[in-house]
*Asks:* 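If you scroll down you'll find the structure; I have some questions about it.
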Amino acid sequence: MSTEARAQHFPAADWDGGVLPYRVGHRKLGMWLFIVSDSLTFSALLIGYSYLRASNVWPTPFPFYPSIVFSSVMTFCLLSSSLTMVFGVSASSRGDKDKARKWIFATIFFGVAFIVLHLIEWQHLIHEGLQPFSLPAHWVSTFTAPDGTLPSPLFGATFFAITGLHMFHVATGAIYLAVVAARVKKLKHEDVEISGLYWHFVDLVWMFVFPLIYIMSVDVGGALAK
Amino acid sequence: MSGEAHAEVHRHPAPTSFIRKYIFSVDHKVIGIQYILLALVAVLVGMTMSVLMRMNLSWPGTNWPILGTLFPGGAPDGMMTPEFYLSLVTMHGTIMVFFVLTTAPQGGFGNYFLPIQIGAEDMAFPYLNMLSFWVTLVGFIVILAAIFFSGAESTVGPIGGWTGYAPLSALGQIAGPGQGMGMNLWIISIAIFCVGSLLGALNFITTLLNMRTRGMSLMRMPLTCWAWFTTAVLALLSFPVLLGGGILLLLDRVAGTSFFIPGGLYISGLLSGADERFPIHTGGSPILWQHLFWFFGHPEVYIAILPGMGATSHILATFARKPVFGYRAMVFAIFAIGLLGFFVWGHHMFISGMSPYSAMTFSILTLSIGVPSAVKTFNWLGTLWGGRIRFTTAMLFAIGFVSLFVAGGITGLVLGQTSLDLPMHDTYFVTAHFHLVMGVASIFGMFAATYFWFPKMFGRMMNEKLGKIHFWITFVGVYCIFVPMHTMGIVGMPRRFAQFTEYEYLKSLHPLVVFVSIAAIATVLTQVLFYFNLFWSMFKGAKATDNPWEATTLEWNTASPPPHDNFAGVLPVVHRGPYEFAVPGAPNDFMMQTDPEPAEMPAGDGSGNGHNGHKH
Amino acid sequence: MGRVLAVIIWLLTLGSVSLFFVKKWWFPTAISEHAPALDRQFLLTIIVVGLAFTAAQVGLGYMVWKYRDTGNRERATYTHGSSKLEVIWTTVTAVIFIGLAVMGQSVWASLRFNEAPAGAFPVEVVAQQFQWNFHYAGTDGVFGRTEPKLIDDSALNFIGLDEADPNMKDDSVHSVLAVPVNRPVELALRSKDVIHNFWVPELRFKQDLVPGMVIKVHFTANRVGKYELACAELCGQLHFKMKSYMLVLPAEEHQALIGLPQDAFQTRVTELLAKYQLPAY
Amino acid sequence: MSAHEEHFAGSNKLFVSIWVWLLILTVIEIFLAYKPMPLHFMLVVLLGLSLIKAALIIAYFMHLKFERLSLILTIIPMLVVCICLLFVFFPDSFRSSDLRYKFKETVPAPTAEDH
Ligand code: HEA
Ligand code: HEA
Ligand code: CUA
Ligand SMILES: [Cu+2]
């Protein structure tokens, strides 16, 4: 007899067994746990980034255009994708699978838009000469500290490592959602909800990557422009 | 989520084809056995390496013709090179820690018995479970690959110790032998392993929280389940950090970044940035790697021992025919160890150039973690007190566990003090410490578990006589191997030394070194008995009844070996705590968790959770 | 069976403990000011944990001896434990452990929480695979500039001394550490390549040399003589050979040595190495 | 289980308003980017804002606010504790810049050949 059925036959206290203590199915709980663990991977990387930044001369090279404009639009995309995702989920909770599918497609669209924009943004930087192991020459000259210490090439390293890993998550998320959208008719509501959890998590991570990587590295004085 | 759990349960009818049944099985029991077999193979590799290491340490410069033919590069005309030795150390440590002590206790026995002990038909995610195993196996294959493609034919793997300290591990070929391909493979293997363990961990947690059968309240779970649960939480929270670190380290090696490599390095005649052999590096911090590693590393050592502790408590109670002493205290202790385990990683870094103030904080936290461990020790003694002890092999190993854990644990209290770590760090005192706790206490836990659960797993008994011989020699053997290492450490013998011939002050230790090696070789050879007993009994052992040990927990309610869905369709209902032995007035001296309440039992006394003041 | 096990546990305990008490293998005699305090703390800790170890093992042996199933007791004692006991031994161990932890900080604090006392003798230590370089400031007490770019192994300029810097004229670099007795020594530790570890067992003193960092540590050696100096952090293939000596010299002899120009310094050190013997181990 | 379990609490209106709030906070962040202010102060403010955004996403989009308290108490504390612990790294970050070995760095060669 299934856990769930037994739960109804013998209503027991939450933790006495035979019930789902959180009233949450296995997959959903599992996804939550995965999110906890994965967010620690990102925390580790972001902490590492801050650690290195705090102990080095750090360039702040991002111009308003393209970097900030792009990253802001990307942020907008992700946030909106989260919104469409919730719409999708609540639609599916109402059993309106077609609506749900439409909203999920919208979400995927925003997700893909994010990736495309991000890749273009990468392109800009790579053309400027940014690489995982070196800064563009003119950044170096601009951001050299008064005492002659050079700006750290770790800028590129951390930038590509963290945004890259995040982009990877977005990509997998998009594929995951595509599968869900395709099978949405067969899937239980909770499975749609779970895919939503993952997607929001990807969005959540960006809420920290964006300020820490982009906003904190804005070329306020327009030093590079000069 | 209607039908949620339902769907999980009946996801897989008993498979028929050999492949689906024994290879790509989603049955937690088969997967558990697969993990154990993996550990048994890994430990063979690890032990062999340790023997080679001992040979090189105690008889340096001797010609071992066999080695000469086996490793023409590593042991030219039979004489081991230093880099060969160091790669042995690295692989020995890595394989033992990751592929023996993180697979067998958790993935192996945990996988097999956690669902049964909580009365579930299977893990929450059977397919994920299978995936975890195969991912882990890939990790193992990659680490074995590192033996053969280490990048220098004079090594059998990378040189970096199992801690892979940067920048040595980050610089690549120019840092010397053992820094080539082998190191990449090492990192990749660890990363893969992290993923595998993560998936495993969330599976364990979900299963335990969601799938306990009716009446199996948290405080009625066997201590083994508490241990596996806590272990899973530790894994879930510590492996991702190592994963992050591993990614960065790999980038340093392959993408020319410098997360862990500072500027201005000059190595083997090359200045950083001189040419493509040594690209420019600057700004990295070697200490960052140590933080990331040990943030994982210390919880990892508890991942290694908690399941052993659980099994020990379980087995002590069973064969002392007596409820676990202070069940609730034991649960709190397990949790305290798990929690504090995250607060002490810095004790590996006292001497690393870390801020001396953080060092002090870590030191004090480190010694406080001794308290829950002490509590467990005392409760184990309490469990034996007043018992009617049956000395089965499993029991012997469980008692051995207690003895060895104390022996190894107390030296942790020495190392834990910043001042005393000044002379002791990176000496054999450390080696002695962690071999006693991890190297053999945890392993004894696994031995106990094997002898204890074998009948359930294979429906046959293991040979007790052989088992006891195995115990006596191993028990005495490991003391002879690892206790003398303390004094070596006090004299000041450094770890990871290929030879001790260079130093005058170490000369006096030579007899001790030889003694240890002989003990080690003897002990390792004894393990043949274990392997023989194991595989012989699988096919030829005496048939086992369903409950040969007269134990009380759910796994003994079902057939040996259990049917595909563990309880043949009818899930047990639990009425009392896990260790109700010697209950006064009860028909016999053990009451299964499933036995209905007898009239004379005071109501609500079933929970077995340390109803204190209950002494007679 | 129970009896045998008990006896074996007791014998193993006896063996282990005696190994520590005969002290046939023990610390080499200490030669630094902080060492006695440290050794006392070590002894104290060893005694405490030794007692605990013995107590626990003897207890364990007693249990398996006394409570083995002799068949004449029908059932074991039925108890789920005692919260009183739990509280007692939790607090007791907590007090002991935290006590040890706090006491264990004093030496550490004295060494690491404060700068080297004024008038300490400064040495720059530059470790590399697999050798030690000790950079002495000479008579002027000022170190010459060093620059990784200037490192030139062929010219034996291992630490990249800048010839152009007047301060380096009287400097000398040697693979042997020569320090004055009874005077604080300040080491500025750094590494050219990977992590190494400065260790002299007699000093009861260890510190990693981390590339990219200059870690300043200090100690005071108080016994003249020649001592072995080891690298205690895995640094690659020849880690076990990365050996040198520390000479603790009488003040005037040390003064004279430091005054010498580079090449005279070399020869003098060689003489001194011959003059002083290692302690009898 | 009973139908109410199926039901996904929170009206679309609510979600839209959350979305608007998130956008507003984002705009504030971008605006702040161009306000010259001490770096660590900026950092604190930004992290504060990000935490609020994170909280909104977790609570409403990820729906945790509508889950059982026990679930919240299981998920959040362990995450918070671990992340806080990671901050123990920082003293050593400052330390490694204070104790950095100063030398004239070679300007990285123009990375033309790497293209
Ligand atoms: C689980 C961990 C484990 C185990 C079991 C062992 C077992 C042994 N170790 Fe190991 N060792 C390490 C973990 C372990 N070691 C680590 C982490 C290091 C540090 C590496 C580094 O510096 O980076 C190390 C380093 C190390 C060194 C120091 C090298 C150096 O610093 O130069 C030495 C030296 O003698 C040594 C010796 C031995 C010996 C003789 C054995 C054994 O051979 C003793 C006899 C073996 C057993 C009693 C085990 C039998 C077990 C089974 C048969 C498995 C049963 C399995 C199931 C039931 C599923 N080890
Ligand atoms: C299973 C693994 C395991 C376990 C359980 C432990 C347990 C402990 N460890 Fe250990 N440790 C390792 C595995 C483990 N360790 C490994 C692998 C390394 C080396 C890594 C490397 O560098 O390669 C290491 C290294 C290590 C170091 C770093 C040494 C150095 O490199 O300089 C330190 C320092 O604090 C330490 C401390 C402790 C402490 C305080 C405990 C405590 O948890 C112990 C608590 C137990 C007891 C205290 C005994 C039982 C209590 C009683 C009997 C009560 C009565 C006692 C008294 C009244 C005193 N360990
Ligand atoms: Cu230098 Cu080891
Ligand atoms: Cu530790």
*Asks:* Please look at B:L86 and chain C and tell me whether the side chain, the backbone, both or neither of the residue comes under 4.5 angstrom of a heavy atom of that chain.
*Replies:*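 Side chain only.
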*Asks:* Quick one: what part of C:L111 sits under 4.5 Å from any heavy atom of chain B, side chain, backbone, both or neither?
*Replies:*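 Only the side chain of C:L111 comes within 4.5 Å of chain B.
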*Asks:* Under 4.5 Å between any side-chain heavy atoms of C:I98 and B:L367, yes or no?
*Replies:*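 No; the side chains remain at least 4.5 Å from each other.
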*Asks:* Give the member of B:V375, B:T282, B:V483, B:L168 that has the highest number of heavy-atom pairs under 4.5 Å with chain C.
*Replies:*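 Top option by heavy-atom pairs under 4.5 Å: B:L168.
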*Asks:* Of all the heavy-atom pairs spanning B:A320 and C:A76, show the shortest one and how long it is.
*Replies:*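 Reported closest heavy-atom pair: O-CB, 3.8 Å.
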*Asks:* Of the backbone (N, CA, C, O) and the side chain (C-beta and beyond), which part of C:L100 lies under 4.5 Å from a heavy atom of chain B, both, or neither?
*Replies:*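 C:L100 touches chain B through backbone and side-chain heavy atoms alike.
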*Asks:* Side chains of C:K206 and B:D421: does their closest heavy-atom pair fall under 4.5 Å?
*Replies:*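 They are not in contact (no side-chain heavy atoms under 4.5 Å apart), so the answer is no.
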*Asks:* With a 4.5 angstrom heavy-atom cut-off, could you sort out which part of C:Q105 is near chain B: side chain, backbone, both or neither?
*Replies:*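 Contact with chain B is through both the backbone and side chain of C:Q105.
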*Asks:* Can you measure from CE (B:M360) to CZ (C:F113) and round to the nearest 0.5 angstrom?
*Replies:*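 So the CE of B:M360 and the CZ of C:F113 are separated by 4.5 Å.
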*Asks:* For the residue pair C:V92 and B:F378, establish whether any side-chain heavy-atom pair is separated by less than 4.5 Å.
*Replies:*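 C:V92 does not reach B:F378 side chain to side chain.
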*Asks:* For C:T77 and B:G386, indicate whether the former's side chain and the latter's backbone hold a donor-acceptor pair under 3.5 Å.
*Replies:*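 Yes, C:T77 side chain to B:G386 backbone: donor-acceptor pair under 3.5 Å.
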*Asks:* Quick one: of C:F205, C:W26, C:F97, who has the most non-hydrogen atom pairs under 4.5 Å with chain B?
*Replies:*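 Winner by heavy-atom pair count: C:F97.
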*Asks:* Do C:T90 and B:V371 have side chains that approach each other closer than 4.5 Å (heavy atoms only, starting at C-beta)?
*Replies:*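 They are in contact (side-chain heavy atoms under 4.5 Å apart), so the answer is yes.
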*Asks:* Under 4.5 Å from any heavy atom of chain B, what part of C:L85 do you find: side chain, backbone, both or neither?
*Replies:*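 The side chain, not the backbone.
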*Asks:* If I compare all heavy atoms of B:P167 with all of C:V194, which pair ends up nearest, and what's the gap?
*Replies:*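 So the two residues come closest at CG-CA, 3.9 Å.
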*Asks:* Tell me, out of C:P211, C:S16, C:A101, C:P201, who's got the most heavy-atom pairs with chain B below 4.5 Å.
*Replies:*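 Counting heavy-atom pairs under 4.5 Å, the top option is C:P211.
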*Asks:* Measure distances from C:L278 to the heavy atoms of chain B and classify the residue's part below 4.5 Å as side chain, backbone, both or neither.
*Replies:*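 The side chain, not the backbone.
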*Asks:* May I have the step-by-step check of side-chain contact (heavy atoms from CB on, under 4.5 Å) for C:E86 and B:N379, ending in yes or no?
*Replies:* CA-CA 8 Å; C:E86 301 291 349; B:N379 280 305; 2.5 Å; yes
*Asks:* Show the nearest heavy-atom pair for residues B:I389 and C:V64, with the distance to one decimal.
*Replies:*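 Nearest heavy atoms, B:I389 then C:V64: CD1-CA, 3.9 Å.
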*Asks:* Mind ranking B:L506, B:T501, B:V491 by heavy-atom pairs under 4.5 Å with chain C and telling me who comes out on top?
*Replies:*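 Of B:L506, B:T501, B:V491, B:V491 has the most heavy-atom pairs under 4.5 Å with chain C.
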*Asks:* Please rank B:K507, B:M395, B:R495, B:M424 by heavy-atom pairs under 4.5 Å with chain C and give me the top one.
*Replies:*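 That would be B:M424.
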*Asks:* Is it the backbone or the side chain of B:P356 that comes under 4.5 Å from a heavy atom of chain C, or both, or neither?
*Replies:*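 Its backbone and side chain both get close to chain C.
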*Asks:* So, taking the atom named OG in B:S285 and the one named CE in C:M213, what distance separates them when rounded to the nearest 0.5 Å?
*Replies:*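 Atom-to-atom, B:S285:OG and C:M213:CE are 7.0 Å apart.
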*Asks:* Quick one: what part of C:L238 sits under 4.5 Å from any heavy atom of chain B, side chain, backbone, both or neither?
*Replies:*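 Just the side chain, heavy atoms under 4.5 Å.
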*Asks:* Aromatic rings B:F325 and C:W89: how do their planes relate, parallel, tilted or perpendicular, breaks at 30° and 60°?
*Replies:*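 Judged by the thresholds at 30° and 60°, the geometry between B:F325 and C:W89 is tilted.
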*Asks:* Give the minimum heavy-atom separation between C:G104 and B:T418, together with the two atoms involved.
*Replies:*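 Scanning both residues, the minimum pair turns out to be O-OG1, 3.4 Å.
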*Asks:* Taking the ring of C:F240 and the ring of B:F500, is the distance between their centroids below 6.0 Å?
*Replies:*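 When the ring centroids of B:F500 and C:F240 are compared, they turn out to be at least 6.0 Å apart.
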*Asks:* Among C:I9, C:I215, C:L19, which has the most heavy-atom pairs under 4.5 Å with chain B?
*Replies:*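 Looking at each option in turn, the highest pair count goes to C:L19.
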*Asks:* Where does C:Q207 contact chain B at under 4.5 Å (heavy atoms): side chain, backbone, both or neither?
*Replies:*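 Both backbone and side chain of C:Q207 come within 4.5 Å of chain B.
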*Asks:* May I ask you to name which of C:E202, C:Q129, C:K23, C:H34 has the most heavy-atom pairs under 4.5 Å with chain B?
*Replies:*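 Among the listed options, the one with the most contacts to chain B is C:Q129.
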*Asks:* Let's test your reading of the structure: which of B:Q179, B:R390, B:Q499, B:K468 forms the most heavy-atom pairs below 4.5 Å with chain C?
*Replies:*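 Greatest number of close heavy-atom pairs with chain C: B:Q499.
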*Asks:* Distance from C:I195 atom CD1 to B:S352 atom OG, nearest 0.5 Å?
*Replies:*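 If we round to the nearest 0.5 Å, C:I195:CD1 and B:S352:OG are 7.5 Å apart.
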*Asks:* Sort B:A166 into side chain, backbone, both or neither according to what part of it lies under 4.5 angstrom from a heavy atom of chain C.
*Replies:*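 Backbone only.
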*Asks:* Name the region of C:L229, side chain, backbone, both or neither, that has any atom closer than 4.5 Å to a heavy atom of chain B.
*Replies:*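 Just the backbone, heavy atoms under 4.5 Å.
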*Asks:* Would you say that C:E233 contacts B:I351 through its side chain, given a criterion of any heavy-atom pair below 4.5 Å between the two side chains?
*Replies:*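 Result no, sub-4.5 Å side-chain heavy-atom pair not found.
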*Asks:* Check whether any side-chain N or O of C:K243 sits under 3.5 Å from a backbone N or O of B:E502 as a donor-acceptor pair, and report yes or no.
*Replies:*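 Side chain of C:K243 to backbone of B:E502: a pair is present.
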*Asks:* Find out whether C:L60 and B:W380 are in side-chain contact, i.e. whether some heavy atom of one side chain is under 4.5 Å from a heavy atom of the other.
*Replies:*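 No, every pair of side-chain atoms sits at 4.5 Å or beyond.
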*Asks:* Between C:R112, C:Q57, C:R68, who has the most heavy-atom pairs with chain B when the cutoff is under 4.5 Å?
*Replies:*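 Greatest number of close heavy-atom pairs with chain B: C:Q57.
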*Asks:* How many angstroms lie between atom NZ of C:K149 and atom OH of B:Y266, to the nearest 0.5 angstrom?
*Replies:*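 With rounding to 0.5 Å, NZ (C:K149) is 13.5 Å from OH (B:Y266).
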*Asks:* Considering all heavy atoms of both residues, which atom of B:K322 and which atom of C:T79 are nearest to each other, and what is their separation?
*Replies:*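 Looking at all heavy atoms of both residues, the shortest contact is NZ-CG2, 3.6 Å.
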*Asks:* Tell me, side chain or backbone of C:T70 under 4.5 Å from chain B's heavy atoms, or both, or neither?
*Replies:*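 Neither the backbone nor the side chain of C:T70 comes within 4.5 Å of chain B.
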*Asks:* Search all heavy atoms of C:W199 against all heavy atoms of B:T427 and return the closest pair with its distance.
*Replies:*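 Looking at all heavy atoms of both residues, the shortest contact is CH2-CG2, 3.6 Å.
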*Asks:* Which answer fits B:Y165, side chain, backbone, both or neither, if we ask what part of it has an atom under 4.5 Å from a heavy atom of chain C?
*Replies:*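 Just the side chain, heavy atoms under 4.5 Å.
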*Asks:* Mind ranking B:V414, B:I261, B:L512 by heavy-atom pairs under 4.5 Å with chain C and telling me who comes out on top?
*Replies:*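 The option with the most such pairs is B:L512.
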*Asks:* Calculate, to the nearest 0.5 Å, the distance between atoms CG and OG1 belonging to C:L234 and B:T163 respectively.
*Replies:*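 It comes to 7.5 Å.
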*Asks:* Heavy-atom pairs under 4.5 Å with chain B - which of C:F20, C:Y227, C:W108 has more of them than the others?
*Replies:*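 It is C:W108.
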*Asks:* Atom CD of C:Q41 and atom CD of B:Q417: how far apart are they, to the nearest 0.5 Å?
*Replies:*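 If I round to the nearest 0.5 Å, the distance is 4.5 Å.
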*Asks:* Could you check if a side-chain atom of B:F471 sits within less than 4.5 angstrom of a side-chain atom of C:L5, using non-hydrogen atoms only?
*Replies:*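 In short, these two side chains touch, coming nearer than 4.5 Å.
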*Asks:* Would you please test C:D69 and B:R321 for side-chain contact (heavy atoms from CB on, under 4.5 Å) and show each step?
*Replies:* CA-CA 10 Å; C:D69 185 2; B:R321 314 307 299 162; 6.0 Å; no
*Asks:* Between C:V4 and B:F391, is the side-chain contact (heavy atoms from CB on, under 4.5 Å) condition met? List the steps.
*Replies:* CA-CA 11 Å; C:V4 186; B:F391 292 97; over 6 Å; no
*Asks:* For C:D39, which atoms come within 4.5 Å of any heavy atom of chain B: side chain, backbone, both, or neither?
*Replies:*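 Contact with chain B involves no heavy atom of C:D39 at all.
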*Asks:* Out of B:T81, B:L509, B:L365, return the one with the most heavy atom pairs under 4.5 angstrom to chain C.
*Replies:*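 Option with the greatest count: B:L509.
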